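Have a look at the structure below, then the notes.
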Number of protein chains: 2
Amino acid sequence: MDGGVNKKPGVTSSQVAGHAGVSQSAVSRTFTPGASISSKTRQKVLASAKELGYRPNAIARSLITNRSRIIAVVMAYLENLFYPDVLEELGRALAAENYHLLLFTGFMDRDSDPVFDQLMQYRVDGIILASTSLSSELSEECATAGIPVVLFNRTTERDAVSSVTTRNREGGKRIADFLVAGGHKSFGYIAGLENSSTNRDRQQGFIEGLAAHGITDVVIETGNYSRIDAETAARKMLSRPDRPEALFVANDHMAVAVMDVARYEFGLNIPQDLSLVGYDDVGPARWTSYGITSMSQPLKRMVEATVDILMDQIASGDIEAEHRILNGDLVVRTSARLPSSGIVERDGQQIYRPRES
Amino acid sequence: MDGGVNKKPGVTSSQVAGHAGVSQSAVSRTFTPGASISSKTRQKVLASAKELGYRPNAIARSLITNRSRIIAVVMAYLENLFYPDVLEELGRALAAENYHLLLFTGFMDRDSDPVFDQLMQYRVDGIILASTSLSSELSEECATAGIPVVLFNRTTERDAVSSVTTRNREGGKRIADFLVAGGHKSFGYIAGLENSSTNRDRQQGFIEGLAAHGITDVVIETGNYSRIDAETAARKMLSRPDRPEALFVANDHMAVAVMDVARYEFGLNIPQDLSLVGYDDVGPARWTSYGITSMSQPLKRMVEATVDILMDQIASGDIEAEHRILNGDLVVRTSARLPSSGIVERDGQQIYRPRES
DNA sequence: GTTCATATTGCATACGTATGCAAATTTGTA
DNA sequence: TACAAATTTGCATACGTATGCAATATGAAC
């Protein structure tokens with residue numbers, strides 16, 4: 001243990017009790033919502049608390065109540081610009097429920113076991129996992145301990161863990177439809193991480209959507225959801241003699257990089273020479289220099305759903321897996337050639353929504 | 001309080017003690033670094049702990065030791081892409097010291113008093129403030145409580161709170177020198193927040209730097225460190241009949257927006273018609289579509305310094321204010337016309353470093 | 001084997017708070 | 001005013017862990 005013993009313990013509820021001339025349990029009841037305390041006693045306690053600078057000790061309270069009011073959020077990295085937005089929204093939504101966000105980020109190896117040990121030691125009330133997974137034994141442990149877990153923007157093959165996602169497969173298919181309707185004849189896909197559910201579903205949807213139009217020849221490279229790897233993948237794909245004229249990139253974080261490579265290294269005009277569609281609809285996709293047509297993820301609603309599941313499960317003690325699947329929209333901007341129909345205006349945005357849907 | 005009582009308390013050290021045939025205090029000593037425990041007893045305890053699935057209760061330990069090993073990080077928003085990078089790096093650096101990051105974010109009004117009450121209730125071991133300030137009475141409370149506070153990328157007029165910043169004033173001056181040396185004759189500055197130390201210093205440096213070259217006529221608009229407001233400020237500034245030909249924008253987050261407005265709404269070529277320099281050197285400044293010449297903030301070193309101060313003060317109990325001021329470099333890219341000399345190659349980047357420095 | 005210094009162990013206690021429960025007080029109604 | 005019901009209060013205790021301290025065990029030197 002470190003040396004420093006200079007952190008002062010703080011004013012205790014016993015000190016407030018003595019000052020107010022009541023018992024320690026009256027002080028506690030004053031600060032416990034719903035507990036029985038008379039107005040007169042409450043005022044005395046609050047006055048003393050204020051005078052003494054009392055702040056209840058959440059650590060002690062957590063020990064007694066078996067409720068830390070801490071939610072662990074695990075995000076291996078924040079580089080993908082989707083996740084900072086999610087994090088900010090989570091901070092807001094959790095604070096509104098009087099929960100606090102213990103963040104685990106900045107670990108590169110994606111192995112979350114050491115992280116998991118730490119958060120379990122803190123007896124967190126719930127866990128939100130983004131961009132990382134949970135082994136089945138750790139999942140079991142959470143179930144046994146009665147701690148709700150929600151996967152954010154991710155699923156597992158087992159349905160045992162709650163999740164909030166969007167219809168990535170339908171999204172991929174919608175993009176395929178859009179590009180085909182735009183008259184494109186050759187197609188490429190720059191993949192995310194091969195072991196990620198979001199990538200698998202987006203890829204599958206895209207491939208199936210193209211196949212439904214009789215197209216089976218799709219060029220695929222992997223970008224690992226990383227800017228550097230996406231640049232490499234783009235260079236490889238755009239160097240082919242049979243270069244595809246329409247690209248679906250698995251997320252906007254990579255799409256931005258791919259567009260830079262296409263324009264500045266290959267001198268391609270977007271969308272005249274190459275159409276490009278991303279996924280997530282994060283900040284830079286919307287910036288004028290990029291204007292990426294992108295499948296949106298309704299971030300606020302996803303966060304709402306996540307916090308909703310957590311709060312319900314914490315309150316009820318029933319932590320059976322629950323899955324919320326939300327719809328996004330294909331937001332049309334300037335990065336891809338347009339179909340002749342199916343584009344509607346919605347909330348000040350152009351949306352691709354063909355007639356059959 | 002919520003209903004749910006279904007969160008299981010977890011295996012206790014007393015249960016491990018019973019299983020291993022030793023006392024509870026032997027179990028505790030096994031898990032306390034540096035405590036006296038024989039090899040034989042340690043093995044017995046570890047075996048039992050593993051078999052029972054014991055995880056020490058960090059909450060209970062925090063109460064006893066008066067050490068939560070939690071550091072509160074307060075960042076009002078993550079929209080400015082500098083801060084997600086900082087956050088990720090902080091997560092990494094704190095985890096390396098076996099501290100944990102309690103994040104407060106997503107509050108728009110910048111009033112951190114409710115946030116402060118919450119974090120103090122959790123008896124955090126230290127506080128890092130980015131993009132927000134601390135009133136003098138709260139600062140006093142931390143000093144009295146022996147809790148170290150570090151302002152990240154910010155200072156206050158009082159020197160009472162530790163801080164880690166870069167030389168914003170010298171940065172602004174360097175930018176002025178650079179733009180003057182590039183042959184520019186008229187200048188503008190798009191400010192951040194008027195009450196922020198970083199903005200004040202950058203602006204002051206820029207103004208003084210220009211004045212040293214006999215230039216006193218600088219057009220100023222305020223962007224409030226917000227993309228929307230920066231766009232508005234850019235439109236206003238670029239609509240002037242006496243439009244400046246060189247712009248310093250207080251941070252890259254805004255510079256990206258300003259560049260989009262200049263190019264796509266005013267049809268200006270960068271840097272032929274308008275030179276543009278930003279600050280922070282965050283991700284998008286480096287992207288090829290932008291290529292913003294920008295004063296870099298050495299983010300990793302800043303985080304290191306921050307964590308260094310915190311760890312020292314926690315360990316020693318001496319929380320007298322300490323100030324670390326780091327140097328950045330003016331990283332030259334494609335957004336501004338170049339001077340004829342002073343540009344050197346450093347670590348694969350072009351740096352503006354005139355002879356006198 | 002004895003002595004001395006050091007390491008180890010378990011007991012008892014404390015940390016600051018919430019809560020069960022019995023006693024005391026207050027409130028509402030006839 | 002009396003009585004029943006509801007509210008309030010303080011006492012005693014527990015939560016899970018670390019630690020001071022006295023008792024015991026161990027290791028090294030003679």
Side-chain angles (χ1 to χ4, degrees), chain A residues 1-5 7-45 48-49 52-69 120-123 125 145, chain B residues 1-5 7-45 48-49 52-69 120-123 125 145:
Chain A
M1 257 319 166
D2 312 301
V5 290
K7 181 180 163 192
K8 312 288 166 16
V11 178
T12 67
S13 58
S14 296
Q15 288 169 306
V16 174
H19 191 268
V22 298
S23 68
Q24 181 270 324
S25 82
V27 174
S28 177
R29 281 196 298 272
T30 295
F31 288 95
T32 302
S36 176
I37 189 81
S38 72
S39 273
K40 184 176 160 190
T41 304
R42 178 191 300 274
Q43 305 284 21
K44 282 202 293 187
V45 171
S48 293
L52 296 181
Y54 172 69
R55 292 191 195 271
N57 185 331
I59 300 292
R61 187 177 63 224
S62 301
L63 183 59
I64 293 299
T65 60
N66 198 22
R67 278 263 167 273
S68 59
R69 303 201 78 94
M120 289 299 277
Q121 288 198 25
Y122 276 90
R123 302 295 194 266
D125 291 348
Chain B
M1 257 317 166
D2 311 301
V5 289
K7 182 178 161 190
K8 313 290 166 19
V11 179
T12 66
S13 58
S14 296
Q15 286 169 304
V16 174
H19 192 268
V22 298
S23 68
Q24 180 269 323
S25 83
V27 174
S28 178
R29 281 195 298 271
T30 295
F31 288 96
T32 302
S36 176
I37 189 82
S38 72
S39 275
K40 184 178 160 190
T41 304
R42 178 191 300 275
Q43 305 285 23
K44 282 203 294 185
V45 170
S48 293
L52 296 180
Y54 173 68
R55 292 192 197 271
N57 186 331
I59 301 290
R61 187 177 63 225
S62 301
L63 184 59
I64 294 300
T65 59
N66 199 21
R67 279 262 167 277
S68 61
R69 305 202 77 94
M120 288 299 276
Q121 287 197 26
Y122 276 89
R123 301 299 195 263
D125 291 346

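Labels below follow one simple rule: chain letters A, B, ... track the order of the sequence lines, proteins then strands, and each chain is numbered from 1. From a predicted model like this one, the values you see are computed outputs, not experimental measurements. Computed over heavy atoms, backbone and side chain alike; hydrogens, waters and symmetry mates excluded.
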Protein and nucleotides 21-26 of chain C: nitrogen or oxygen contacts under 3.5 angstrom:
none

Please report, rounded to the nearest Å, how far the P atom of D:dA18 is from the CD1 atom of B:Ile59. 13 Å
Using heavy atoms to find the nearest nucleotide of DNA chain D for B:Leu63 and A:Lys40 separately, return the residue whose nucleotide is more 5′. A:Lys40
Residue A:Thr32, side-chain heavy atoms: nucleotide from D:dA18, D:dG16, C:dA18 that is nearest: C:dA18
Would you mind reading off the distance between B:Arg55 atom CZ and D:dG16 atom P, rounded to a whole angstrom? 17 Å
Would a 4.5 Å heavy-atom cut-off, applied to side chains only, mark B:Arg55 and B:Val11 as touching? no
Between B:Gln24 and B:Ser13, is there a side-chain donor-acceptor contact under 3.5 Å, judged purely by atom types and distance? yes
Test your reading of the model: is there a side-chain donor-acceptor pair from A:Thr32 to the backbone of A:Ser28, 3.5 Å cut-off? yes
Starting at atom CZ of A:Arg67, determine the distance to atom P of D:dA14, rounded to an integer number of angstrom. 22 Å
Judged by atom type as modelled, is there a donor-acceptor pair below 3.5 Å linking the side chain of B:Arg29 to the main-chain atoms of B:Ser36? yes
Return no unless some side-chain N or O of A:Ser38 is found under 4.0 Å from OP1 or OP2 of D:dT9. yes
Using whole Å, what does the distance between atom C1' of nucleotide D:dA18 and atom CD1 of B:Ile64 come to? 6 Å
Return the value, rounded to whole Å, for the distance between atom CE of A:Met120 and atom P of D:dG16. 15 Å
Taking the minimum atom-to-atom distance to the side chain of A:Ser36, which one of D:dG16, C:dT17, D:dT9 wins? D:dT9
Could you state the CZ-P distance from A:Arg61 to C:dC15, rounded to the nearest angstrom? 20 Å
For the pair B:Gln15 (side chain) and B:Thr12 (backbone), establish whether a donor and an acceptor sit closer than 3.5 Å, ignoring hydrogens and angles. yes
Enter the distance from B:Phe31:CZ to A:Gln121:CD here, rounded to the nearest 0.5 Å. 8.5 Å
For a quick test of reading the model: is some side-chain N or O of A:Tyr122 closer than 4.0 Å to OP1 or OP2 of D:dG16? no
May I have the distance from A:Arg123 (atom CZ) to D:dT17 (atom P), rounded to whole angstrom? 6 Å
Smallest separation among heavy atoms of A:Lys7 and B:Asp125, with atom names: NZ-OD1, 2.7 Å
Whole angstrom value for the distance that separates C1' of C:dT8 from CD of B:Gln43: 16 Å
Does any residue of residues 13-25 of chain B have a heavy atom under 4.0 Å from DNA chain C, and if so, which ones, in number order? B:Val22, B:Ser23, B:Ser25
Report yes if some heavy atom in the side chain of B:Arg123 is under 4.5 Å from a heavy atom in the side chain of B:Ser62; otherwise report no. no
Is there side-chain contact between B:Asn57 and A:Leu63, with at least one heavy-atom pair below 4.5 Å? yes
